> 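Once you've had a glance at the structure underneath, I'll fire off some questions.
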2 protein chains.
Amino acid sequence: MENKLPTIKEIAKQLNISISTVSRALHDHPNIGIQTRMRVQELAKRLHYEPNQTAIFFQQGKTFTIGVILPELSEAFFSSAISGIEDAAQKANYTVLMGQSHDSADKEKQLIDTMKKHRVDGLLISISKNTTNYEHFEALQSYNIPIVYFDRIPKIPNIHYVACNMINGTVQAINFLFKKGHRIVGMINGPEKLPATKERLEGYIQAMTKSRLKYDPALVLNCDLTKESVCAATEKLLSGRRRPTAIVTFNDYVALDAVQQAQKMKFKINKDVCFVSYANLPMSNYTAFPPLASVEQFPYQQGQKATETLIELLQQKTGDEAETTNATFYKIILESQLVIHEGK
Amino acid sequence: MENKLPTIKEIAKQLNISISTVSRALHDHPNIGIQTRMRVQELAKRLHYEPNQTAIFFQQGKTFTIGVILPELSEAFFSSAISGIEDAAQKANYTVLMGQSHDSADKEKQLIDTMKKHRVDGLLISISKNTTNYEHFEALQSYNIPIVYFDRIPKIPNIHYVACNMINGTVQAINFLFKKGHRIVGMINGPEKLPATKERLEGYIQAMTKSRLKYDPALVLNCDLTKESVCAATEKLLSGRRRPTAIVTFNDYVALDAVQQAQKMKFKINKDVCFVSYANLPMSNYTAFPPLASVEQFPYQQGQKATETLIELLQQKTGDEAETTNATFYKIILESQLVIHEGK
DNA sequence: GATTTTCAGACAAACGTTTGCATAGAATTG
DNA sequence: CAATTCTATGCAAACGTTTGTCTGAAAATC
């Protein structure tokens with residue numbers, strides 16, 4: 001009892017007209033007379049006809065699907081971002097094929113393969129923190145599959161990307177601390193190679209020099225975001241010669257671990273030492289000592305913008321076939337913004 | 001300069017053999033002589049040939065894609081679940097098309113449509129909390145697209161599902177409280193229609209009767225999981241005639257809000273009143289007053305199991321065409337488990 | 001050596017849709 | 001009324017792959 005789905009062919013046969021007429025009638029092609037058009041559309045409805053998308057994908061050489069590769073959905077940043085992506089994609093009638101790299105370069109490569117196989121029209125990627133080799137990304141270019149990177153951007157020339165400028169936010173954060181009287185401000189930064197890390201550092205330095213304080217490299221430590229390395233960094237900062245009274249951490253998760261470590265060292269949070277961070281997680285409202293302020297990076301908007309950009313690229317592509325000279329690259333920067341929590 | 005991707009046809013032409021031979025050679029079909037097979041495979045490699053999956057999907061009437069519809073990725077439960085799904089899918093060479101309903105029944109319906117259009121082979125669904133009408137799900141049955149529900153299961157007969165039995169966990173949770181001396185235990189339960197809510201209630205009643213305590217309905221309140229309703233319920237419980245010294249909450253998020261409300265009412269947490277909940281979120285480690293214990297629901301495993309079940313169904317389908325009498329429905333229940341936090 | 005079996009490969013249909021081109025008849029024009 | 005333009009429709013190719021059936025030749029059988 002294989003309840004075969006009705007096809008355009010079936011409709012044609014029942015109405016004794018040609019396949020092409022049916023196809024055109026369903027697309028409201030002006031060449032088709034109003035009456036046949038109606039007859040077709042009615043029968044289609046009656047049979048619950050639905051076009052076979054796989055056939056269309058195949059025929060058109062497009063899947064109206066965009067692939068998304070990101071490190072880790074359980075991080076609030078990315079789950080927000082994917083919502084922005086989904087929403088923007090849906091608006092343009094695209095579908096999303098998603099995969100998590102779990103910060104493994106291998107998994108990432110594998111995902112790219114899968115996506116390529118599935119013939120996604122384009123890709124949105126936030127690279128894993130362990131990716132050092134960018135060949136597999138570049139290979140895609142030759143397949144003519146456009147990529148828009150977001151948030152975690154690889155260091156390769158001539159790419160499209162959407163990111164959030166952390167410099168300003170960092171300056172804001174540090175100025176905020178200055179205003180509250182802090183003079184020695186430490187920083188627990190991220191993995192050295194991440195651009196995000198460099199930006200935070202740059203913001204830090206800018207803020208320092210603007211305030212005519214000297215930049216003391218001993219006050220800025222890197223960590224690899226694991227709990228151990230965060231604790232180590234915290235310990236080192238708080239037992240150093242110049243003990244900071246405030247610390248800027250790479251993100252809210254880092255802040256949480258740093259706070260715990262500081263407590264373990266018998267420091268009173270918000271008294272002996274304060275924390276400011278990045279991300280602005282909703283859960284911060286519930287933690288024992290949320291950071292006094294947090295730099296918002298607008299993940300939803302980043303996802304949205306990246307998707308819109310990609311779709312624009314896709315539409316461009318179908319437009320000017322020959323004009324491959326179209327070598328402009330989108331570099332979209334959103335501004336971060338400090339959000340102050342301490343009011344409550 | 002349209003760098004046309006090479007096709008099987010191209011290979012055939014260059015080697016002066018037929019298309020079918022190439023196809024078979026690439027699949028290591030025994031009918032093809034070893035030498036031609038090699039020649040084909042070598043040329044394929046040299047040209048960087050990759051089969052056009054869209055053509056294959058179309059030709060085979062299968063996409064090797066499974067759709068996943070879930071309420072909200074930003075909930076830790078679901079982001080874990082999707083990881084389990086992804087991993088299990090990948091193992092069987094399936095791809096995942098995901099969409100969030102954001103707990104909207106409309107969005108859910110829309111997603112089902114998209115998935116249907118994309119001809120996913122099967123679906124994994126955790127229904128939105130606002131879904132009351134199950135027609136669109138049932139419609140899929142007639143399209144012969146199998147569905148496996150997980151965690152949030154609709155109340156319709158004859159479905160496949162994977163869920164976690166909350167009854168046992170609830171009993172464990174309440175016994176745990178009894179052992180600690182609590183005699184009046186309240187409960188802030190979820191939305192009335194959710195099966196999950198009913199299970200928790202049943203566990204509550206079972207534990208009560210087993211301990212020869214009377215079940216007092218005034219001690220069990222429902223909420224719709226919004227902050228306001230949680231606070232209202234907490235207030236009512238804590239200012240009721242029989243004031244509980246311990247409260248079991250629907251999940252960790254509810255616990256967080258309830259704790260805040262209790263504090264606002266000047267109760268000392270863990271002294272005047274304790275909390276126990278469900279989910280076992282990692283972030284609980286960082287909150288001011290994490291629940292003393294939490295019932296783990298194994299989201300990753302649920303996702304994994306659901307996916308495996310779906311894939312089994314899919315493989316079955318291709319097997320016994322005629323045997324539609326195969327009316328066995330998978331009802332897979334994982335056991336929940338109480339995890340005690342207070343050690344630390 | 002004649003017959004059968006095996007082997008290696010070719011042919012062609014099928015999957016469902018879109019779309020450029022052709023065409024028969026109707027309507028319009030002069 | 002003949003010539004032209006429109007209108008409504010049909011025909012057939014194309015997209016890339018898989019797969020059932022066919023065939024010619026070589027190998028094995030008796």
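Below, read A as the first sequence line, B as the second, and so on, with proteins coming before strands; counting in each chain starts at 1. Nothing here was measured: the structure is a model prediction, and the numbers come from that model.
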> Please give, in whole Å, the distance from dC11(D) C1' to I17(A) CD1?
14 Å

> First contact, last contact: which nucleotides of DNA chain C are these for chain B, 5' to 3', heavy-atom distance under 4.0 Å?
dA8(C) to dG16(C)

> Looking just at side-chain N and O atoms, do S104(A) and S101(A) make a donor-acceptor pair shorter than 3.5 Å?
no

> If you assign each of N16(B) and Q60(B) to its closest nucleotide in DNA chain C, which residue comes earlier from the 5' end?
N16(B)

> Please classify the nucleic acid contact of Y49(B) as base, sugar-phosphate, or nothing, using heavy-atom distances under 4.0 Å.
sugar-phosphate

> Does any residue of residues 32-46 of chain A have a heavy atom under 4.0 Å from DNA chain C, and if so, which ones, in number order?
none

> Considering only heavy atoms and no angle criterion, is a donor-acceptor pair shorter than 3.5 Å present between the side chain of S18(A) and the base of dC11(D)?
no

> Only counting residues at least two apart or in another chain, list the ones meeting ring-ring contact (aromatic ring centres under 6.0 Å, His included) with F298(A).
none

> Could you name each residue pair satisfying salt bridge (Lys or Arg N to Asp or Glu O under 4.0 Å) that touches residues 137-153 of chain B, not counting sequence neighbours?
D103(B)-R152(B)

> Which residues, if any, of residues 23-31 of chain B bring a heavy atom under 4.0 Å of DNA chain D?
S23(B), R24(B), H27(B)

> S20(B) or A55(B): which one's nearest nucleotide on DNA chain D is closer to the 5' end?
A55(B)

> Give the intermediate values and the outcome of salt bridge (Lys or Arg N to Asp or Glu O under 4.0 Å) for residues K109(A) and D106(A).
CA-CA 5 Å; K109(A) 204 163 165 181; D106(A) 279 352; over 6 Å; no

> Hey, would you say the Y161(B) and Y149(B) ring centroids sit under 6.0 Å apart?
no

> Under a 3.5 Å distance rule, please check whether S126(B) uses its side chain to pair with a backbone N or O of F150(B) as donor and acceptor.
yes

> By the ring-ring contact (aromatic ring centres under 6.0 Å, His included) test, which pairs, at least two apart or in different chains, include something from residues 83-133 of chain A?
F64(A)-Y94(A), H118(A)-F57(B)

> Does a sphere of radius 6.0 Å around NZ in K331(B) hold more than 12 heavy atoms from other residues, nucleotides or ligands, not counting ones at 6.0 Å or beyond?
yes

> Indicate yes or no: does K116(B) engage E50(A) in a salt bridge with an N to O separation below 4.0 Å.
yes

> Would you please test I66(B) and L97(B) for side chain to side chain contact (heavy atoms under 4.5 Å, CB included) and show each step?
CA-CA 6 Å; I66(B) 64 187; L97(B) 205 61; over 6 Å; no

> Establish, with yes or no, whether the OP1 or OP2 oxygen of dT9(D) is under 4.0 angstrom from a side-chain nitrogen or oxygen of T21(A).
no

> Just wondering, more than 12 heavy atoms not from H48(B) lying within 6.0 Å of its NE2?
no

